[in-house]
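Computation of the quantities below employed the complete heavy-atom set of this structure, encompassing side-chain atoms and omitting hydrogens, waters and symmetry-equivalent molecules. The structure presented is a predicted model; accordingly, all values stated were derived computationally and were not measured. Order of listing sets the numbers, starting from 1, for every ligand and every atom in it.
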Amino acid sequence: MTALKTPVPLRKVLVGIDPYGAPEIEGVVRLNVNENPFPPSSAMRSALTAAVTHVISEVNRYPDRDAVALRADLARYLDAGLTADNIWVANGSNEVMAQLLLAFGGPRRKVATLTPTYSMYPQYARDTMTTYVTAPRNDDYTVDVDTLRRLWKAERPDILILTTPNNPTGTQTSLDVIAVAAELPWLLVVDEAYQEFTEKPAESATKLLPAHPNVVVSRTMSKAFALAGVRLGYLAADPSIIDACKIVRLPYHLGTQTQAMAQAALAHSQEPLQHVAQLRETCQATQAWLRQLGLTVPPSQANFTLFGPFDDRHAVWQELLDRGVLVREVGPEGFLRVSMGTPAEMILFREALVDVLDARQMRKATP
Ligand SMILES: *Cc1c(COP(=O)(O)O)cnc(C)c1O
């Protein structure tokens, strides 16, 4: 970091902190941030372009502040008996989550997560001056009712963020367990960023919403919808929570072009969702293949998988990168995470990994 030249020092908690983010490297197979690897088809490109062209004559005006039409479309997409009043939208679910903590976190409030989990959560807590506490998942990364009750008793958090399928482990938490969490008097934020990749996407915490005004379900168009570049995240919750988000959002936070492209993508959702089925199969096949190599692979219901353990995971990460494949160094000690790519990308990943394991005399079997 460049030395600070202002006479005002940085907030103490920010001193020495590097900006968050995975390395961005060009010209390699990028399997490191769980994107949908399939670019939009020409039909989808036309739809997105037409949507932007349609609104371009109005860009002298601020966007629809409350993105009402987009929220109605998302309510319809979720198909859980919700209306626009139950939906809120922002620039990625990262912003949705930050707004939730602005509204319900803050000094003398506590947010809890179950680790290992998504590495952005501590950052939202820090930036909103919310105390961040964690409890460990079980050894197999699952969460059960005992885990939740223990966490409640020990910490009494105001907010619990429960991620299912969990990043970076891929672990799903059943609706039965989430329903128990919903009975406790905290704000329960269920981060379902990867829900569409699961075997039963309809088994969503959105089912709990009508009876539980303390439940928030967070979703994104970055992963399954293949729209990471557009930045569109959303949540489903009781209308009172939507109203709270409106208080803390920055004015006109969601651009006209973002709203238009998200609506166009929703109107053509069959295309990305078809690829989701393919990516789900790729994930199951990749997990089986990694296990045949003798690696430990926790079951994943998402579009990525952990694999390991390695004595020196950074060295393995670098050796894969040297062979043109970028994976993520994240999660439990010794493990790496790989996102599911196109068939051609997965072949390159397999070749690179076999090569690295052979060089390290680590391959236990030939699949
Ligand atoms: C990728 C991801 C998100 C989504 O981020 P966006 O800001 O919507 O791109 C949210 N939660 C988890 C756990 C994720 O892995």
Undergrad: By side-chain hydrogen bond (donor to acceptor under 3.5 Å, both in side chains), which residues pair with Arg360, not counting sequence neighbours?
TA: Glu319
Undergrad: Looking at Asp139, I want to see if its CG is surrounded by more than 12 non-hydrogen atoms of other residues, nucleotides or ligands under 6.0 Å.
TA: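 Atom CG in Asp139 is not packed in, count stays at 12 or less.
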Undergrad: Name the residues in contact with ligand 1, where contact means a heavy atom under 4.0 Å away: which are they?
TA: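 Gly92, Ser93, Asn94, Tyr118, Tyr121, Thr163, Asn167, Asp191, Ala193, Tyr194, Thr220, Ser222, Lys223, Arg231.
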Undergrad: Applying ring pair (Phe, Tyr, Trp, His ring centres under 6.0 Å), name anything that partners Tyr132, two or more places apart in sequence or on another chain.
TA: none
Undergrad: Can you tell me how the ring of Tyr77 sits relative to the ring of Phe225, calling it parallel under 30°, perpendicular over 60° and tilted otherwise?
TA: perpendicular
Undergrad: Kindly write out the residues that satisfy side-chain hydrogen bond (donor to acceptor under 3.5 Å, both in side chains) with Arg65, not counting sequence neighbours, or none if the list is empty.
TA: none
Undergrad: On the 0 to 90° scale, with breaks at 30° and 60°, tag the His275-Phe38 ring pair as parallel, tilted or perpendicular.
TA: parallel
